[in-house]
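Indexing begins at 1, ligand by ligand and atom by atom, following the structure's order.
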Amino acid sequence: MTIKPLIILPDPLLRQLSKPLERVDDPLRKLADDMLETMYDAPGIGLAAIQIGEPLRMLVIDLAKEDEKPAPQVFINPEVLESSEERSVYEEGCLSIPDYYAEVERPASVRVKFLDRDGKEQEITADGLLATCLQHEIDHLNGVLFIDHISKLKRDMVVKKFKKLAKDRPPSRMVG
Ligand code: NI
């Protein structure tokens with residue numbers, strides 16, 4: 001497993017639409033393992049493939065607490081089938097927007113269809129933190145960030161700050 005560099009705001013890759021996977025094979029499972037390794041290292045509780053520069057519809061989540069055994073979950077081609085009318089608010093952060101947190105309101109529960117790491121079709125109804133995390137990560141697959149759910153004023157401030165930081169920081173990717 002390899003820890004990959006994270007794509008950080010304002011990298012335009014974060015706005016790219018990720019492509020559905022046609023098959024679940026070993027290279028894809030290897031990518032899922034690299035994503036988990038990168039997420040644990042950060043540390044974070046969820047990561048979408050685009051956050052390590054792969055525009056593919058896959059995300060990983062692990063909501064186990066520090067003193068619990070790891071519980072990695074892989075979601076391939078996830079799709080929200082149903083969202084509850086009831087909403088809930090969580091303070092969210094994002095590995096691509098380090099050290100920024102804001103309260104986001106989303107449907108409290110969602111029904112999601114996906115392929116697991118064996119390529120088997122699964123359906124789950126998620127609520128609580130898992131519902132929020134799934135929606136946050138599925139947003140990434142559509143080029144949407146959690147700051148798109150806060151006020152424009154706050155969003156503009158964050159984007160401005162990260163643009164300035166990017167200017168002061170050496171390029172994270174070599175393009176050859
Ligand atoms: Ni994120």
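For the residue pair Asn142/Arg15, the side-chain donor-acceptor check at 3.5 Å is not satisfied.
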Exercise for the section: Would you check, one step at a time, whether the test side-chain contact (heavy atoms from CB on, under 4.5 Å) holds for Phe75 with Ile61? Expected result: CA-CA 8 Å; Phe75 298 84; Ile61 291 179; 4.0 Å; yes
Exercise for the section: Please assess Thr132 against Glu92 for the test side-chain contact (heavy atoms from CB on, under 4.5 Å), listing each intermediate value before the final yes or no. Expected result: CA-CA 9 Å; Thr132 290; Glu92 295 187 24; 3.2 Å; yes
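In this view, Asp99 satisfies the side-chain contact (heavy atoms from CB on, under 4.5 Å) rule with no residue, not counting sequence neighbours.
To the nearest 0.5 Å, atom CD1 of residue Ile52 and atom CG of residue Leu6 are 8.5 Å apart.
For the Ni ion (ligand 1), the tally of protein N/O/S atoms lying closer than 2.8 Å stands at 3.
Between Arg29 and Asp25, none of the side-chain N atoms (NZ, or NE/NH1/NH2) sits under 4.0 Å from a carboxylate O, so this pair counts as no salt bridge.
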